Amino acid sequence: MQNKTELRKTLLASRNAVTPEQRLLWDKQLVEKIMAWWTIKRLHVIGVYWPMRGEPDLNAAYATLAELGVQLALPVVVSDNAPLKFCAWTPGDPVIKDRYGAAVPADQHVELQPQALIIPCVGFNTQRFRLGYGGGFYDRTLASVPRPHTIGVAYANAETVFSADPYDVALDMVMTPSMTLAQDHA
């Protein structure tokens, strides 16, 4: 088994090799799955992410959710060892890049407590553990109580085998265009 650093490199290379046409199709399928999930859950505050480094682009879902009155929030890194904070954001609002290259709301005055988080995955395993970029920001965020419902999103080529570390927190659900892994009550 590859160590996590090497596994990330392999998974990112695989994600970057996806053709633009395939990416558009998979993003559309993921958007449909997110909207189907929301139709059942009807949550009012959802933490989302701005796509970077070839992550699935769910902006079409964000626009529809905002039109339906859902308050969206983007994650903001507070410090290296702190959980993420989530700041109110609506599609079209100005964003700026943080030190990691992630888009964050330009106006960070309104902090929200999302009921659910949609989280990009570099990789995931069948036990719904997520492999991210290695900073631990989502792990620290998910360790807090109360914990929001969590949905990892990825392309199917991100499914892999790795052992979870003691601090890793399983996601409630992982969605790819072709499958959904979920807890019994998710």
Side-chain angles (χ1 to χ4, degrees), residues 12 15-16 18-78 83-124 128 130 132-133 135 137-138 141-142 147-158 171-182 186:
L12 288 169
R15 185 167 76 189
N16 289 334
V18 174
T19 66
E21 298 79 18
Q22 188 65 63
R23 188 178 300 279
L24 284 172
L25 175 64
W26 285 347
D27 289 348
K28 182 176 183 281
Q29 291 168 332
L30 280 166
V31 165
E32 290 168 359
K33 290 179 95 167
I34 291 291
M35 293 311 303
W37 165 83
W38 182 83
T39 299
I40 294 166
K41 293 290 187 180
R42 298 283 179 169
L43 300 177
H44 302 288
V45 182
I46 301 175
V48 298
Y49 68 91
W50 188 280
M52 60 186 246
R53 299 178 70 179
E55 294 169 343
D57 184 343
L58 306 178
N59 279 300
Y62 304 162
T64 302
L65 289 167
E67 288 172 10
L68 293 168
V70 176
Q71 176 59 69
L72 303 176
L74 287 174
V76 175
V77 173
V78 177
L84 296 165
K85 76 174 184 176
F86 287 84
C87 295
W89 172 79
T90 300
D93 286 353
V95 294
I96 57 174
K97 298 283 182 172
D98 70 6
R99 64 185 167 141
Y100 299 101
V104 298
D107 179 356
Q108 298 178 14
H109 289 96
V110 179
E111 187 173 344
L112 301 173
Q113 297 299 315
Q115 298 164 295
L117 300 178
I118 299 173
I119 305 171
C121 302
V122 171
F124 65 93
R128 300 179 327 278
R130 169 188 179 270
Y133 295 108
F137 296 109
Y138 276 106
T141 302
L142 299 182
R147 185 186 139 189
H149 183 80
T150 54
I151 302 170
V153 292
Y155 300 135
N157 62 352
L171 301 171
D172 296 310
M173 181 181 291
V174 175
M175 289 183 184
T176 74
S178 58
M179 71 171 177
T180 300
L181 299 172

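These numbers were taken from a predicted model, which means no experiment stands behind them. Quick note: residue numbers are just sequence positions, from 1.
How far NZ of Lys33 is from OG of Ser178: 6.5 Å, rounded to the nearest 0.5 Å. Note that CD of Gln108 is 5.5 Å distant from CD1 of Ile96, once rounded to the nearest 0.5 Å. Note: Asn59 CG to Leu65 CG = 11.0 Å, rounded to the nearest 0.5 Å. To the nearest 0.5 angstrom, Thr19 atom OG1 is 9.0 Å from Leu25 atom CG. Rounding to the nearest 0.5 Å gives a distance of 13.5 Å between CG of Leu142 and CZ of Phe137.
Using modelled atom types, no side-chain atom of Lys85 and backbone atom of Leu112 make a donor-acceptor pair closer than 3.5 Å. Side-chain N or O atoms of Thr64 include one that pairs as donor or acceptor with a backbone N or O of Ala60 at under 3.5 Å. At least one donor-acceptor pair under 3.5 Å links the side chain of Arg130 to the backbone N or O of Pro120.
Considering only residues two or more places apart in sequence or on other chains, Glu32 meets the salt bridge (Lys or Arg N to Asp or Glu O under 4.0 Å) condition with Lys28. Shown here are the salt bridge (Lys or Arg N to Asp or Glu O under 4.0 Å) partners of Lys97, two or more places apart in sequence or in another chain: there are none. Not counting sequence neighbours, the partners of Arg147 by the salt bridge (Lys or Arg N to Asp or Glu O under 4.0 Å) test are Asp172. A search for salt bridge (Lys or Arg N to Asp or Glu O under 4.0 Å) contacts involving Arg42 returns nothing, not counting sequence neighbours.
Minimum interatomic distance between Val78 and Pro83 (heavy atoms only, all atoms of both residues): CG2-O, 4.0 Å. Closest approach of Ala156 and Pro177 over heavy atoms only: N-CD, 4.2 Å. Contact record, Ile34 with Met175: CD1-SD, 3.8 Å, taken as the closest heavy-atom pair. In plain terms, the two heavy atoms of Leu84 and Thr141 that are nearest each other are N-OG1, 2.8 Å.
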Checklist entry - Taking it one step at a time, do Ile119 and Val153 satisfy side chain to side chain contact (heavy atoms under 4.5 Å, CB included)? => result CA-CA 6 Å; Ile119 305 171; Val153 292; over 6 Å; no
Checklist entry - Given Leu117 and Leu171, is the side chain to side chain contact (heavy atoms under 4.5 Å, CB included) satisfied, shown in steps? => result CA-CA 10 Å; Leu117 300 178; Leu171 301 171; over 6 Å; no
Checklist entry - Does the pair His149 and Trp37 meet the rule for a side chain to side chain contact (heavy atoms under 4.5 Å, CB included), with working shown? => result CA-CA 12 Å; His149 183 80; Trp37 165 83; 3.7 Å; yes
Next on the checklist: Please evaluate residues Val174 and Thr180 with respect to the criterion side chain to side chain contact (heavy atoms under 4.5 Å, CB included), reporting the C-alpha separation (whole Å), side-chain torsions for both, the decisive distance (0.1 Å), and the verdict.
Outcome noted: CA-CA 6 Å; Val174 175; Thr180 300; over 6 Å; no
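Under the 4.5 Å side-chain criterion, counting only non-hydrogen atoms from C-beta, Thr176 is not in contact with Gln29. With a 4.5 Å cut-off on side-chain heavy atoms, Leu43 and Val70 do not count as touching. Side-chain atoms of Arg128 and Met173, non-hydrogen and from C-beta on, never get closer than 4.5 Å to each other.
Side-chain atoms of Tyr155 and Asp27 include a donor-acceptor pair closer than 3.5 Å.
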Distance-only donor-acceptor hits, side chain of residues 45-56, under 3.5 Å, sequence neighbours excluded:
{"unit_1": "Tyr49", "atom_1": "OH", "unit_2": "Pro56", "atom_2": "O", "d": "2.6"}
{"unit_1": "Glu55", "atom_1": "OE1", "unit_2": "Met52", "atom_2": "N", "d": "3.1"}
{"unit_1": "Glu55", "atom_1": "OE2", "unit_2": "Tyr133", "atom_2": "OH", "d": "2.8"}

Which side-chain N or O atoms in residues 86-93 pair as donor and acceptor under 3.5 Å with protein atoms at least two apart or in another chain?
{"unit_1": "Asp93", "atom_1": "OD2", "unit_2": "Thr90", "atom_2": "N", "d": "3.0"}

